[in-house]
Amino acid sequence: MKSSETDSDQHDHERLYDIIYYVGIALVSVAAFVMFVYLGSTTSLWLDEIFQVDYAASSSLAEVITVDPYTPPLFNIIAWVTYQLAPYGEIWLRLPSIVMVVLSLPLLAATGRRIGGRRSGFLVAFLILINAKVLDQCALTYRAYALLFLLSSALVYLYVRRIQSSAEDYSWVWSILTAVDMLLLGYTHYFGLLFCIMFFLVDCYLLIRGRLNGMRLKVFIPYGAALLLYLPWLIVALGTLQTATNTTGRIIWQATGVEGTNVHELLYWLCGECAETLGFFEIAALVLVIAGIWTCYKRTFVWREDMPPLVLLLTAVLMITIMKIYCGYINPQSMFWVERYFIPLIPCIALVTAWGLTKIFANMPVPDPLRFVAAFFCVLLLVPTASGTINNDLAEGSSTRFYRDLTGYLCEQPDIEDDDTLVLALIDTTDRGRQINGWKEYYFDRKGTRDMDVNIIDGLDASVEMNPYDLLKYDTIYVTCQHYDPEIPDPIQNVLSKYYHRHKTDDPGGGKTYKYTRTQTLQEGASAASENN
């Protein structure tokens, strides 16, 4: 009788803890949505989003698929569809990204609970909430990274669930879901495809160790199916890719080059540029490795319990090591070492960190709720640093965040729509020969309420050839450098200095913006232009 009452009390406690856990995850998810919507509605689009606007404004779906050959087309297709439906306002464009990140939170919490219990599940959701890079580069970015984050989180969950399932319990339904997720990852970003390859390598090891007996077909058929269905895009990509050749004659794909391949800086970025989070991750990784070695030595290693966090850590180490070797030694001129490309690793790092914090406090001689409070308090201490990083990212000195401010400034100018007024800009740049007109398309044409007709040319871009004396056709010129913030090219500066007077402006958007009015008559300007043509 006493034993039955004890079991009943334990069951009631578990139900209560479950309710608290689910309420906590719901509160974190709602808080994330509210924060993302608020911040997303107060910040301007930035350069990459301007590029995405230009792609989304394409005339046909066929053009959308091939418009950016360096990026698989899934998000471009989604953006093209939503762009036709979304009203004006940055928040509407970013809403799909916000929803994708919010959906990732309960998914990662479920994964964390599988590998470390309820405490681990809640902690990983909270770690994602305060990760500045998840907010800035995923939720508040009209680009593919939120989709990449969601699909990576889903693959991590599916993989952990599979490791913890027996051959009898693992059905073909879960195998098909894994195949679909890997296929979508490949069609979202090349690093999504690379992320799948990391799990494939781990599965090859598990196959050798005989840990996939009875489910080998269910494990490896998804890889084959995803690869087979990915071939059409590879054919399209190879037919549209533009390559560059270096001085040795070797072809380099996406050869813009990125300085340095610093692993510590990459991990710091993935941890939300929070040194304390990086410290927790390093401690958790050390605990995980030592615990794994010890259990193997004692022959108490339980695959279904001990292997999932090790797989997540191994996946991150493999992916970073492979790209370090490739970008550091094989092809240093490639631009593959870009922090945001490694976004699929953020779920792995957050899960390992949450697991480690849970394990560290698991042996405290106190009741279970107090262990959670202690672990959560450690994570709560990260909030000031995380909020500081978020504020810095959203209000950074770079002018890439302030296209809306510049638009508002120009719209207030009484002469902006005159035929003899020009906006000479370095905002809409060229991309592999394509002229990017996203700024004008979104902030002038799409806004629509002003019905404004503004003359804008991208004459400050080095790839745009123009006769600087053509500027003499205009009485007023607004010169603005909102992204790269360069000096005005000498040929253009010479014409402006000789024939125009520069007025002081408020420098809207944090970049350089000048107003020039012509000091010579139209006949003098035309004469000068004809002499130089």
Side-chain angles (χ1 to χ4, degrees), residues 41-54 56-57 83 86-93 142 394-430 435-461 464 466 468 470-489 492-493 495-497 499-519 525:
S41 62
T42 59
T43 57
S44 170
L45 301 180
W46 65 293
L47 185 68
D48 278 14
E49 293 175 293
I50 292 294
F51 274 49
Q52 190 66 62
V53 164
D54 190 79
Y83 189 77
Y88 177 80
E90 293 87 352
I91 189 59
W92 294 107
L93 290 184
Y142 182 54
L394 296 180
E396 60 184 355
S398 170
S399 58
T400 59
R401 305 294 183 194
F402 299 97
Y403 294 116
R404 183 171 58 184
D405 290 351
L406 174 63
T407 304
Y409 167 79
L410 292 174
C411 289
E412 293 173 355
Q413 306 308 308
D415 55 1
I416 194 63
E417 293 187 83
D418 294 348
D419 291 337
D420 56 4
T421 297
L422 172 71
V423 177
L424 184 64
L426 181 56
I427 294 179
D428 299 338
T429 63
T430 55
Q435 186 71 28
I436 301 298
N437 298 310
W439 178 53
K440 187 176 188 300
E441 154 68 26
Y442 191 74
Y443 281 112
F444 289 96
D445 299 342
R446 185 172 176 82
K447 191 169 185 179
T449 56
R450 298 177 183 272
D451 193 24
M452 300 191 71
D453 184 16
V454 180
N455 295 317
I456 301 174
I457 64 172
D458 198 15
L460 298 185
D461 191 323
V464 178
M466 67 168 291
D470 288 342
L471 298 176
L472 296 175
K473 301 174 185 176
Y474 302 94
D475 290 337
T476 304
I477 299 176
Y478 291 91
V479 179
T480 181
C481 312
Q482 287 292 299
H483 180 62
Y484 295 108
D485 199 24
E487 298 297 328
I488 300 173
I492 292 177
Q493 183 62 64
V495 171
L496 293 175
S497 299
Y499 299 103
Y500 290 83
H501 171 70
R502 191 174 84 178
H503 301 266
K504 184 179 181 180
T505 67
D506 295 330
D507 290 340
K512 293 181 178 179
T513 302
Y514 308 108
K515 179 180 180 180
Y516 290 84
T517 55
R518 194 145 53 82
T519 57

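Quick caveat, the model's predicted, so the values are computed rather than measured.
The minimum heavy-atom distance between D54 and G438, with the atom names listed, is OD1-N, 3.9 Å. Here the shortest heavy-atom pairing between F444 and I456 reads CE1-CD1, 3.9 Å. Contact detail for D453 and E417: the closest heavy-atom pair is N-OE1, 3.2 Å. In terms of heavy-atom proximity, Y409 sits nearest to T513 at CE2-CG2, 4.1 Å. Residues Y500 and V495 share a closest heavy-atom pair of CD1-O, 4.0 Å.
For the pair L424 and Y516, the minimum side-chain heavy-atom distance is 4.5 Å or more. Contact annotation: the side chain of Y142 never approaches that of I50 to less than 4.5 Å [non-hydrogen atoms, C-beta and beyond]. A 4.5 Å side-chain heavy-atom check between L406 and Y478 finds every atom pair outside the cut-off. Residues W439 and T407 form a side-chain contact, since some pair of their non-hydrogen atoms from C-beta on lies under 4.5 Å apart.
For the side-chain contact (heavy atoms from CB on, under 4.5 Å) test, residues two or more places apart in sequence or in another chain that qualify with I91 are V37, S41, I98. Residues that satisfy the side-chain contact (heavy atoms from CB on, under 4.5 Å) test with T517, not counting sequence neighbours, are T476, H501, H503, K515. Every residue was checked against the salt bridge (charged side-chain N to carboxylate O under 4.0 Å, His left out) condition with D418, not counting sequence neighbours, and none meets it.
Judged by distance alone, with hydrogens and angles left aside, the side-chain atoms of R404 form a donor-acceptor pair with the main-chain N or O of T42 at under 3.5 Å. Without hydrogens or angle criteria, Q52 side chain to D48 main chain gives no donor-acceptor distance under 3.5 Å. Here the side chain of R446 pairs no donor or acceptor atom with the backbone of Y88 at under 3.5 angstrom. Side-chain atoms of E49 come within 3.5 Å of backbone N or O of W46 as a donor-acceptor pair.
The aromatic rings of Y83 and Y442 lie tilted to each other, with the angle between the two planes from 30° to 60°.
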L410 and V454: CA distance, side-chain angles, deciding distance, side-chain contact (heavy atoms from CB on, under 4.5 Å) verdict | CA-CA 9 Å; L410 292 174; V454 180; 5.8 Å; no
Determine, step by step, whether D420 and D415 satisfy the side-chain contact (heavy atoms from CB on, under 4.5 Å) criterion, reporting the C-alpha distance in whole Å, the side-chain angles of both residues, the deciding distance to 0.1 Å, and the verdict.
-> CA-CA 9 Å; D420 56 4; D415 55 1; over 6 Å; no
Could you please spell out the steps behind the side-chain contact (heavy atoms from CB on, under 4.5 Å) verdict for Y474 and N455?
-> CA-CA 10 Å; Y474 302 94; N455 295 317; 4.2 Å; yes
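Distance check: I492 CD1 to I477 CD1 gives 9.0 Å after rounding to the nearest 0.5 Å. With rounding to the nearest 0.5 angstrom, the OG1 atom of T43 is 7.0 Å from the CD atom of E90.
For the residue pair S44/Y443, the side-chain donor-acceptor check at 3.5 Å is satisfied.
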